[in-house]
Structures are given as structure tokens and as C-alpha cells.
Amino acid sequence: MGFDKNKLIEEAQIAMKAAYAPYSGYFVGAALLTAGGKIYRGCNIENSTYTPTNCAERTAFFKAVSEGERDFTAIAIVGGPGGVIKDFAPPCGVCRQVMEEFCDVKSFKVLLFNGADTKEFALEELLPLSFGKSDLGK
Ligand code: THU
């Protein structure tokens, strides 16, 4: 795939700096690349009542979709306690399902970075046998 993976990972690290995570202390940043080459950053945004918390990945998607974007290439995700990246920060199940709504599961790529190594997955590897719009005849 012809996109700059290092740049996307750098953008995710910048995004993580804005994380609002006073309850878990776990900071997450995501950078979502559109087919047109734009990058939307997202961070996790927590809430004192917990339930309204929004993950970094969904923040990035909702920013992009609300700006009219519908065609996505890849997302990079980083995270860690206190914003220190030591391990991979895999997307939660809800975020994987949101990706499924807007992305081709075979071609959309998820990049994870642990501070040293990068892992790359096709969405279908992270969400096998997914339920999507085709199951509703859409
Ligand atoms: N979090 C994300 O931002 N993305 C994920 O996919 C996993 C979890 C956030 C939510 C919450 O603010 C914190 O990490 C701990 O769960």
C-alpha cells in the first residue's frame, strides 16, 4: 500500500498528547488516513460517569465522517499508561465495529506501534466473520 506508515504513526503520537483520560490514566492516540490523503487525529475522551467515554479511534472516525469523509485507507493507534508507549494498544471491539461500518475489511489497514516495532493488520484479521451492512442487504 502506498502510504507513509511512519508519518501516520507519528500523527497518532501527536494525537495522544490531547488525550483526556483522568480516570484510567491510559492515553490513546489515533491517526486516520483517508483515500484522499487527509489525516484525522483522535484521542480518547473520558467522562466522570464513565459510560460516555469515547475511544481515540472513534473520535478520529467521527471527526472524519462528520466532515463528509467516507473512504478510508488506514488507521495508526498508539497508547499507554500516562502516555508512555511500551506495548501495542489494540483497538477495542466497539471501535473495530465502527471501522467495519466505513471500511473495506480486506483492504483497510490497522497499524499498531509499541515504541519499537510496528504491526500491521487487515481489518478482517481483527474482526473475522464480521456483521456489516451487507447482512442487512445494504
Ligand atoms: N481506549 C481507546 O481509546 N481505544 C481503545 O480501543 C481501547 C481503549 C481508551 C478508553 C479509555 O479512555 C481508556 O482507553 C481505558 O480503557
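Along the sequence shown, the residues carry numbers beginning at 1. Indexing begins at 1, ligand by ligand and atom by atom, following the structure's order.
Taking all atoms of both residues into account, the shortest heavy-atom contact from Ala74 to Phe108 is N-CE1, 3.3 Å.
Grouped by direct or indirect side-chain proximity (heavy atoms under 4.5 Å, Ile/Leu/Val/Met/Phe/Trp/Tyr only), Tyr50 sits with Tyr20, Tyr23, Ile45.
At a cut-off of 3.5 Å, with distance as the only test, no side-chain donor of Glu124 or Ser130 sits close to an acceptor on the other residue. Donor-acceptor pairing under 3.5 Å is lacking for the side chains of Asn47 and Thr53.
Ligand 1 lies under 4.0 Å from heavy atoms of Ser24, Tyr26, Val28, Asn44, Glu46, Thr53, Cys55, Ala56, Glu57, Pro90, Pro91, Cys92.
We find that Glu11 and Lys7 are joined by a salt bridge, their nearest charged nitrogen and carboxylate oxygen being less than 4.0 Å apart.
Aromatic ring centres of Tyr40 and Phe61: separated by at least 6.0 Å.
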